[in-house]
Amino acid sequence: MKKRYLIRFSYLGNHFLSCSKQSKDVDLTSVVGALELPLRSLRNISLASEVHISSRTDRGVHALQNTAHFDLQASYNFDGFVIVNALNKFYFKKGIGLRVSDICQVSADFNARKFAKLRTYLYRIAVPKSDIINLGQHAPISEVTRCYFLRKPGFDIEAVQKGLSLLIGTHNFISFTGKPTRQVLVRTPIRRIISFSISQGAPLRCALYEPFSCNFDYWDFVVEGRSFNYNQVRRMVAALIAVGQGQFPYHGLQKMLDSQLQPTEWIMSKIAPACGLYLMKVLYNEEDLSVDRKPKERKLKKQREMLNHTSTRVTTVEGKTLREEILNGEILLKEIPVGNQSCPGFVIDTKPDLQVAEIIKSSLYLGSQDVTQDFKVMTDCRITHVISLGVTVPPLPQLPALSYSFIPALDVPDEQINRMLNEVLPLMDDIINKGGCVLVHCNAGVSRAPTVVIAYLMTFKGLKFNEASALVKEKRPASKPNAGFVQQLLSLEGILLKGEKKEMAKQQC
């Protein structure tokens, strides 16, 4: 009978080349391979699936507790400690730095990675008490590959604590993941840091057995969150170390979170070595560890059925009030008669935003949706085409020749703008090249519309992100793309730069 199991284990990262298997062959060079090999050798018990690890650590990163799940097939019930003892005996004989602490049966749909509620990481550093000429001759042998030894003395703990407080909470951590790549357009870099602290640490061995330990002060960083971006913890620690040693101001971390630093800045490439990082623990909800736990799909379906029916009232730009309801998966809009309308649940804006920004003379304008309803502004600017992002506007009856295009877009950091840009940028360029004049707008002309205009200037006019952003900000001071859009524009800049380099290389051939 096939059953699923959760296993908890620890290992020394320097004993393995990687965490995941690098090929289909099972060997001892990876953590997953080291788990699978003895499991395949068990008597009367067969491994019925691959080992799926919860937290993939980099080469050299240690784990005080990591977890994984797998399926075992057996014709009889067996004690989990039999598996634990068999695996640990194998590792001891082979001299492998991996130990299993616990194994338990879980439900058939349990997933060690997806069901993880909290992950805790520890990062250990050692700061020399005085100038050390040759660090290698003074570092304790027991700490080699177990701790990051700084080369210079001095560590401002108060500045580091101030920097820590800025990183706690939900932020866009793209600046702590290295250079922007296409992956940013697929997976959001927004993460939540639940807690982040630093405390006085200690050497692994006391000075009685390791005299060189007295040459250093030890500090422990501990960070908690549900999930982290690739290399995020090591990059955050590297930035905090720079703060502690006076190389970088603590308030500069806020600029990194706000994406105000260029990818070429030296701090953006700093990453602490893997040897000081430990995965301390992976936590789960107790109900998720139950063998009889119901699949989440059935649980969610039951919860949906218990929800009270609700409707949303929508007020259009013409002043009409509609009731929006969802019936059998379809959105239905019903107009509410004027006599049945209650007092509006919002403050009516009596001062329309008619400030329109001329980005490219007589060709490209930027504004809010209010501009589209003002006959004088539209005629003065000689607008021929209106591009609406995320909001629809009624056509001006006085200007029947105006063309309108609607592009769906939400103003949230998680919104992926590549689809929107692929549709709207060629349209804008085509209109402008044919002598037309485009007005790009969203609801307030603050985030979505400026994002598209900046992307157009970068893609078709050759401007860098900072140049395009500064131009748009100068023309329309209210513009402020949300943090997610900014990171995706920076990623676009990197993609465009690579394209330019390839084109130059072709021309030189």
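The basis for the numbers below is simple: all heavy atoms, side chains too, and nothing from hydrogens, waters or symmetry mates. By convention here, the first residue in the shown sequence is residue 1.
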message = What I'd like to find out is whether the side chain of Ile141 reaches to under 4.5 Å of the side chain of Val144, using heavy atoms alone.
response = yes

ask   = Between atom CG of Asn229 and atom CD1 of Ile174, what is the distance when rounded to the nearest 0.5 Å?
value = 7.0 Å

note = Separation between CD (Glu467) and NZ (Lys461), nearest 0.5 Å, reads 14.5 Å

ask   = Counting distance only, does the side-chain N/O of His171 pair as donor-acceptor with the main-chain N or O of Ile193 below 3.5 Å?
value = no

query = Is the closest side-chain heavy-atom distance between Arg146 and Leu12 below 4.5 Å?
reply = yes

inquiry  = Going by side-chain hydrogen bond (donor to acceptor under 3.5 Å, both in side chains), Ser55 matches just one of Lys281, Arg113, Arg119. Which one?
reply    = Arg119

Value rounded to 0.5 Å, distance of CD1 in Ile432 from CG in Leu427 = 9.5 Å

query = Is there a donor-acceptor pair closer than 3.5 Å between any side-chain N or O of Gln416 and the backbone N or O of Asp414?
reply = yes

query = Less than 4.5 Å apart, any side-chain heavy atom of Arg59 and any of Ser18?
reply = no

task = Flag the pair Phe221 / Met236 as yes when at least one side-chain heavy-atom distance between them is below 4.5 Å, and no otherwise.
result = no

query = What's the shortest heavy-atom distance between Phe228 and Val223, and which atoms?
reply = CE2-CG2, 3.9 Å

task = Could you give me the CA-CA distance, side-chain angles and deciding distance for Tyr404 and Thr392, then say whether side chain to side chain contact (heavy atoms under 4.5 Å, CB included) is met?
result = CA-CA 9 Å; Tyr404 294 85; Thr392 56; over 6 Å; no

inquiry  = Checking side-chain polar atoms at under 3.5 Å, does Thr57 have a donor or acceptor matched by the opposite partner on Tyr11?
reply    = yes

request  = Verify, without hydrogens or angle tests, whether Lys464 (side chain) and Glu493 (backbone) share a donor-acceptor contact under 3.5 angstrom.
outcome  = no

ask   = With respect to Phe149, which candidate in Pro273, Pro128, Cys275, Pro140 satisfies the side chain to side chain contact (heavy atoms under 4.5 Å, CB included) definition?
value = Pro140

key: Cys19 side chain reached by Ile53 side chain, heavy atoms, under 4.5 Å   = yes

Step-by-step side chain to side chain contact (heavy atoms under 4.5 Å, CB included) determination, Leu166 to Lys162 = CA-CA 7 Å; Leu166 296 175; Lys162 291 179 180 178; over 6 Å; no

task = For Ser54 and Asn66, work out which heavy atoms get closest and say how close.
result = OG-OD1, 3.0 Å

query = Can you tell me if Gln369 uses its side chain to pair, donor with acceptor, with the backbone of Val391 under 3.5 Å?
reply = no

Side-chain (Asp430) to main-chain (Pro426) donor-acceptor, under 3.5 angstrom = no

task = Using the six-membered ring wherever Trp is involved, compare the ring planes of His62 and Tyr278 and label them parallel, tilted or perpendicular (cut-offs 30° and 60°).
result = tilted

ask   = Which atom names give the shortest non-hydrogen contact between Gln245 and Gly154, and what distance separates them?
value = NE2-O, 3.1 Å

message = Distance check, rounded to the nearest 0.5 Å: Gln373 atom CD versus Leu354 atom CG?
response = 10.5 Å

remark   = Taking every heavy atom of Ala478 against every heavy atom of Val446, the minimum-distance pair comes out as O-CG1, 3.3 Å

request  = Please say whether more than 12 non-hydrogen atoms of neighbouring residues, nucleotides or ligands are located less than 6.0 Å from NZ in Lys129.
outcome  = yes

Crowding at NZ, Lys473 (>12 non-hydrogen neighbours, <6.0 Å) = yes

ask   = Can Glu143 and Arg124 be counted as an ion pair, charged N to O under 4.0 angstrom?
value = yes

key: Donor-acceptor under 3.5 Å (Gln488 side chain, Gly484 main chain)   = yes

Side-chain touch Trp219/Gln200, heavy atoms, less than 4.5 angstrom = yes

remark   = residues 236-262 vs ring pair (Phe, Tyr, Trp, His ring centres under 6.0 Å), sequence neighbours excluded, gives none

task = Evaluate the side-chain proximity of Val356 to Cys381: yes if any heavy-atom separation is below 4.5 Å, no if none is.
result = yes

Residue pair Thr67 / Leu6, side-chain heavy-atom distance below 4.5 Å = yes

ask   = Who passes ring pair (Phe, Tyr, Trp, His ring centres under 6.0 Å) against His441, sequence neighbours left out?
value = none

ask   = What is the distance from atom CG of Leu389 to atom OG of Ser405, rounded to the nearest 0.5 Å?
value = 10.0 Å

remark   = Heavy-atom nearest pair, Val160 first then Gly244, reads CG2-CA, 3.5 Å

key: Check: Leu122 main-chain N/O paired with Asp220 side-chain donor or acceptor under 3.5 Å   = no

message = Please give me the minimum heavy-atom distance between Ala272 and Tyr123, naming the atom from each residue.
response = CB-OH, 3.2 Å

task = Keeping the roles fixed (side chain from His15, backbone from Gly97), state whether a donor-acceptor pair exists under 3.5 Å.
result = yes

request  = Begin with the C-alpha distance, continue with both residues' side-chain angles, and end with the deciding distance and a verdict on side chain to side chain contact (heavy atoms under 4.5 Å, CB included) for His52 and Asn111.
outcome  = CA-CA 8 Å; His52 300 275; Asn111 189 298; 6.0 Å; no

task = Test Leu289 against Phe110 for side chain to side chain contact (heavy atoms under 4.5 Å, CB included), laying out the working first.
result = CA-CA 8 Å; Leu289 297 176; Phe110 180 86; 3.9 Å; yes

key: Gly445 backbone acceptor or donor facing Arg476 side chain under 3.5 Å   = yes

message = Could you check whether Asn231 and Thr177, counting side-chain N and O atoms only, form a donor-acceptor pair closer than 3.5 Å?
response = no

task = Sequence neighbours left out, what passes side-chain contact (heavy atoms from CB on, under 4.5 Å) with Asn482? Give chain and number order.
result = Asp411, Pro413, Ser447, Phe485

ask   = Taking atom NZ of Lys270 as the centre, does the number of heavy atoms from other residues, nucleotides or ligands within less than 6.0 Å exceed 12?
value = no

Please tabulate, one pair per line, all N/O donor-acceptor pairs under 3.5 Å involving side-chain atoms of residues 359-367, not counting sequence neighbours.
unit_1	atom_1	unit_2	atom_2	d
Ser363	OG	Lys361	O	3.3
Tyr365	OH	Glu358	OE2	3.0

request  = Scan residues 447-473 for pairs that pass ring pair (Phe, Tyr, Trp, His ring centres under 6.0 Å), counting only residues two or more places apart or in two chains.
outcome  = Tyr456-Phe460

Polar side-chain atom of Arg419 near backbone of Pro408 as donor-acceptor pair, under 3.5 Å = yes

query = When rounded to the nearest 0.5 angstrom, what distance separates CZ in Arg191 from CG in Leu167?
reply = 15.0 Å

request  = Could I get the full list of salt bridge (charged side-chain N to carboxylate O under 4.0 Å, His left out) partners for Arg234, not counting sequence neighbours?
outcome  = Asp58

